Amino acid sequence: QVQLVESGGGLVQTGGSLRLSCAASGIIFSINNMGWYRQAPGKQRELVALITSRGTTVYAEFVKGRFTMSGDNAKKTVYLQMNSLKPEDTAVYYCTAFNRYWGQGTQVTVSS
């Protein structure tokens with residue numbers, strides 16, 4: 001059974017930083033084909049960052065230069081380092097594998 005468990009969310013002030021983690025189990029893990037999405041209240045889920053099957057990291061325009069996605073195959077974990085956070089980054093952040101398996105999400109709240 002595939003499980004993705006996110007952690008690291010919380011409350012932070014504008015300009016602050018958080019590091020999200022997503023630990024995978026029950027899957028032959030590769031950081032390729034992993035991704036982060038987010039969903040704010042009343043809005044659709046949107047892509048934040050992903051690593052393609054070829055190992056290229058793709059970022060949404062609104063996080064370029066602020067967020068960095070990385071991973072550790074040995075730990076079966078991917079990370080999302082979020083810097084210079086803004087109130088509009090407030091959302092539930094989800095980890096996905098192959099856009100097929102999803103974690104339960106972790107809340108990120110950025111206060112102004």
Side-chain angles (χ1 to χ4, degrees):
Q1 183 179 357
V2 178
Q3 279 194 317
L4 301 174
V5 180
E6 302 97 334
S7 60
L11 174 64
V12 65
Q13 290 186 332
T14 296
S17 298
L18 284 173
R19 187 195 195 202
L20 305 184
S21 299
C22 171
S25 61
I27 190 172
I28 299 175
F29 182 82
S30 168
I31 63 172
N32 294 355
N33 296 302
M34 297 293 294
W36 288 96
Y37 284 70
R38 72 184 187 186
Q39 187 167 19
K43 294 188 177 182
Q44 289 189 329
R45 191 173 296 189
E46 60 184 359
L47 173 70
V48 176
L50 62 83
I51 300 177
T52 70
S53 58
R54 294 190 174 189
T56 302
T57 306
V58 176
Y59 295 99
E61 196 63 35
F62 53 78
V63 302
K64 282 184 179 179
R66 300 189 298 126
F67 292 10
T68 302
M69 182 176 178
S70 62
D72 187 327
N73 282 326
K75 295 182 178 180
K76 296 185 178 181
T77 301
V78 291
Y79 307 97
L80 185 67
Q81 177 67 43
M82 306 187 295
N83 299 327
S84 302
L85 283 162
K86 306 174 182 180
E88 50 264 45
D89 294 319
T90 294
V92 178
Y93 284 71
Y94 297 90
C95 172
T96 180
F98 299 96
N99 278 358
R100 176 181 177 182
Y101 304 103
W102 296 86
Q104 82 289 348
T106 185
Q107 176 70 47
V108 171
T109 303
V110 184
S111 63
S112 57

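Quick caveat: nothing in here was measured; it's all calculated off a predicted structure. Note that these values count all heavy atoms, side chains included, but never hydrogens, waters or copies made by symmetry. Counting begins at 1 with the first residue of the sequence.
Between Leu20 and Val108, some side-chain heavy-atom pair lies under the 4.5 Å cut-off. A heavy-atom distance below 4.5 Å is found between the side chains of Glu6 and Gln104. Counting only heavy atoms from C-beta outward, the side chains of Met69 and Ile31 never approach each other to under 4.5 Å. In this structure the side chain of Ser111 reaches within 4.5 angstrom of the side chain of Leu11, judged on heavy atoms.
What you find for Ile27 and Lys76 is that their closest heavy atoms are O-NZ, 4.1 Å. Here the closest non-hydrogen pair linking Asn32 and Ser53 is ND2-O, 3.2 Å. The minimum heavy-atom distance linking Ala91 with Arg38 is given by the pair CB-CB, 3.9 Å. Nearest heavy atom pair, residue Lys43 against residue Gln39, reads O-NE2, 3.1 Å. The two atoms that bring Met34 and Leu4 nearest to each other are CE-CD2, 4.2 Å, heavy atoms only.
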Query raised in the report: Stepwise, does the side-chain hydrogen bond (donor to acceptor under 3.5 Å, both in side chains) test hold for Asn83 with Ser17?
Result: CA-CA 4 Å; Asn83 299 327; Ser17 298; 2.9 Å; yes
Report task. Test Tyr37 against Asn99 for side-chain hydrogen bond (donor to acceptor under 3.5 Å, both in side chains), laying out the working first. Result -> CA-CA 10 Å; Tyr37 284 70; Asn99 278 358; 3.2 Å; yes
Query raised in the report: So Asp72 and Tyr79, side-chain contact (heavy atoms from CB on, under 4.5 Å) or not? Walk me through it.
Result: CA-CA 8 Å; Asp72 187 327; Tyr79 307 97; 4.3 Å; yes
Query raised in the report: Stepwise, does the side-chain contact (heavy atoms from CB on, under 4.5 Å) test hold for Tyr93 with Val48?
Result: CA-CA 9 Å; Tyr93 284 71; Val48 176; 4.1 Å; yes
Requested in this report: Would you sort out whether Lys86 and Phe62 count as a side-chain contact (heavy atoms from CB on, under 4.5 Å), showing the intermediate values?
Outcome: CA-CA 11 Å; Lys86 306 174 182 180; Phe62 53 78; over 6 Å; no
Query - Step-by-step side-chain contact (heavy atoms from CB on, under 4.5 Å) determination, Val2 to Arg100 - result: CA-CA 10 Å; Val2 178; Arg100 176 181 177 182; over 6 Å; no
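Exactly one of Leu80, Val5, Val78, Thr106 qualifies for a side-chain contact (heavy atoms from CB on, under 4.5 Å) with Cys22. That residue is Val78.
Both Leu47 and Trp102 sit in one connected hydrophobic cluster of ILVMFWY residues. Membership requires side-chain heavy atoms under 4.5 Å apart, directly or through other members. Put simply, Val58 and Met82 are part of two different groups of oily side chains (I, L, V, M, F, W, Y) that touch within less than 4.5 Å, one to the next.
Distance OH/Tyr101 to OG1/Thr96: 10.0 Å, rounded to 0.5 Å. The distance from atom CG of Asp89 to atom CZ of Arg66, rounded to the nearest 0.5 Å, is 4.0 Å. Separating the OG1 atom in Thr57 from the CG atom in Leu50 is a distance of 8.0 Å, to the nearest 0.5 Å. Note: Arg45 CZ to Tyr94 OH = 5.0 Å, rounded to the nearest 0.5 Å. Atom NZ of Lys75 and atom CZ of Phe29 lie 12.0 Å apart (nearest 0.5 Å).
Here the two rings, on Trp36 and Phe67, have centers that are 6.0 Å apart or farther.
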